[in-house]
*Asks:* 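A single structure is presented below for examination.
Heavy-atom basis, side chains included; hydrogens, waters and symmetry copies ignored. This chain uses plain numbering: 1 for the first residue, then up along the sequence. One-based numbering, in listed order, for ligands and for the atoms of each.
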Amino acid sequence: MIDIATLQTELMAAIKSADTLDALEAVRISALGKQGSVSALLKTMGGMSPEERQTQGPIINGLRESVTSALAAKKTDLETAELNRRLATERVDMTLPAPETPRGTIHPVSQVMDELAEIFADMGFAVAEGPEIEDDWHNFTALNIPETHPARAMHDTFYFPDDMARDGQKMVLRTHTSPVQVRTMTSQEPPIRIIAPGRVYRSDSDATHTPMFHQIEGLVIDKGIHLGHLKWTLETFLKAYFEREDVVLRLRPSYFPFTEPSVEIDVGYSVVNGKRVIGGSEGWMEVLGSGMVHRKVIEACGLDPDVWQGFAFGTGVDRLAMLKYGMDDLRAFFDGDNRWLQHYGFNALDVPTLSGGVGA
Ligand code: 2NL
């Protein structure tokens, strides 16, 4: 029979002299672990007679309780001592330089959209937005693109399944930002001066076409608006955007269902070190489509075309970015490659302003 009093004395001494948490844990296992001395005593109670258990039980349980509480008290002591040691020895060196935080960049598409908003704001244009999932009427019908018109096939539209139709309207991923302008005309009184930048979708994919790309369109609706307003606005915009005074425009007759007459805008370029740069007139590059808003479109939006006239224009934001900042592969815009973004991206704090330089 183990002498309980001796065991108690030994265990208390071991607990007292344990000077690390690891040493204390070893004492705990030796006493209360599966093979521990106190656990072994507890097991003997099963084989005792009721009388024996009545006298030995409280002694053995008392031993377990006193060992358990001594272990807990010592653990707290050791932890406090460890904390005090760290507080006494560890110091925060406030003079150390902070570790460098990786910094992201503004994507060229966002940068160019901000530049465009800044330039057009100076001419009194507000930025308008609308849904990317559109109904057939806003994306096509209101724009004088009827059911049978080849433009609907031409656009290579992403159609939603028929059971997603709303009010009998087929739903599509918008193929241009024109529906934003339609929504503005049907909900606001003229005069209207807006730009609508945003994502658009066409079922198209190769080196120069991605299924999602960015477009900006502009719309002016007022009384007595004519082609002269269109030409001045686009010339002023292109000079500000390319930050050159020698930007030369060429207006070419064209066709869009939503404008009449329709005008393609070419911009002159020069060749510098084998690369085309905007400015001069060594060659011509198509940069914008535009025209006077078709009277059927004005009518479809609930306005009287004999009172209200307007012009509209549209172009690709990704293409505008490539022309100004010299990227040559559109696909890289959407790869999310951090090396490309570090090279072509912009500092978040360099907000474009007309006075500071829109593309500075
Ligand atoms: C292009 C040409 C264009 C428009 C967009 C428009 C919008 C309304 C009414 C009339 Cl609501 N027109 N937008 C007009 C002419 C051309 O875009 O090449 N886009 C990439």
*Asks:* Under 4.0 Å from any heavy atom of Gln215, which atoms of ligand 1 are there?
*Replies:* 19 (N), 20 (C)
*Asks:* Under 30°, 30 to 60°, or over 60°: which ring-plane class applies to Tyr344 and Trp340, parallel, tilted or perpendicular?
*Replies:*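 Ring orientation of Tyr344 relative to Trp340: tilted.
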*Asks:* Which atom pair, heavy atoms only, marks the closest approach of Lys74 to Ala18?
*Replies:*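 Taking Lys74 first and Ala18 second, the nearest heavy atoms are CE-O, 3.0 Å.
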*Asks:* Does NZ belonging to Lys231 count more than 12 external heavy atoms closer than 6.0 Å?
*Replies:* no
*Asks:* Looking at atom 3 (C) of ligand 1, what's its closest protein heavy atom, distance included?
*Replies:* Gly314 N, 3.6 Å
*Asks:* Heavy-atom distances under 4.0 Å decide this one: backbone, side chain, both or neither, for Phe256 against ligand 1?
*Replies:*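 The part of Phe256 near ligand 1 is the side chain, not the backbone.
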*Asks:* Does the plane of the ring in Phe140 sit parallel, tilted or perpendicular to the ring in His176? Use 30° and 60° as the thresholds.
*Replies:*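 Tilted, since the angle between the ring planes falls between 30° and 60°.
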*Asks:* Quick one: nearest non-hydrogen protein atom to atom 11 (Cl) of ligand 1, plus distance?
*Replies:* Gln181 CB, 3.5 Å
*Asks:* Look only at interatomic distance and state if Thr259 has a nitrogen or oxygen under 3.5 Å from any nitrogen or oxygen of ligand 1.
*Replies:* no
*Asks:* For Glu235, is there an ion pair with Lys239 - N to carboxylate O distance below 4.0 angstrom?
*Replies:* yes
*Asks:* Which heavy atom of Met12 sits nearest a heavy atom of Ser66, and at what distance?
*Replies:*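 Nearest heavy atoms, Met12 then Ser66: CE-O, 3.4 Å.
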*Asks:* If you measure from each non-hydrogen atom of His176 to ligand 1, which part falls under 4.0 Å: side chain, backbone, both or neither?
*Replies:* neither
*Asks:* At the 4.0 Å heavy-atom cut-off, does Leu288 count as touching ligand 1?
*Replies:* no
*Asks:* Run the numbers for me: atoms of ligand 1, each under 4.0 Å from some heavy atom of Glu217, listed by number.
*Replies:* 4 (C), 5 (C), 6 (C), 7 (C), 13 (N)
*Asks:* Looking at atom 8 (C) of ligand 1, what's its closest protein heavy atom, distance included?
*Replies:* Leu143 CD2, 3.7 Å
*Asks:* Taking 4.0 angstrom as the limit, do Arg183 and Asp135 come out as a salt bridge?
*Replies:*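 A salt bridge is present here (some side-chain N lies under 4.0 Å from a carboxylate O).
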*Asks:* Could you check whether atom CZ of Arg85 has more than 12 heavy atoms from other residues, nucleotides or ligands sitting under 6.0 Å from it?
*Replies:* yes
*Asks:* State whether Glu299 and Lys296 are salt-bridged, where the test is any N-O pair (Lys NZ or Arg NE/NH1/NH2 against Asp/Glu carboxylate O) under 4.0 Å.
*Replies:*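 Looking at Glu299 and Lys296, the cut-off is not met.
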*Asks:* Just which atoms of ligand 1 are under 4.0 Å from any heavy atom in Met185?
*Replies:* 11 (Cl)
*Asks:* May I ask you to list the atoms of ligand 1 that are less than 4.0 angstrom from any heavy atom of Ser290?
*Replies:*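 Result: 15 (C), 16 (C).
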*Asks:* How far is atom 10 (C) of ligand 1 from its nearest protein heavy atom, and which residue and atom name does that atom have?
*Replies:*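 Checked against all protein heavy atoms, atom 10 (C) of ligand 1 sits closest to Phe258 O, 3.4 Å.
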*Asks:* Please list the nearest protein heavy atom to atom 12 (N) of ligand 1 with its residue and the distance rounded to 0.1 Å.
*Replies:*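 Among all protein heavy atoms, the one nearest atom 12 (N) of ligand 1 is Ala312 CB, 3.2 Å.
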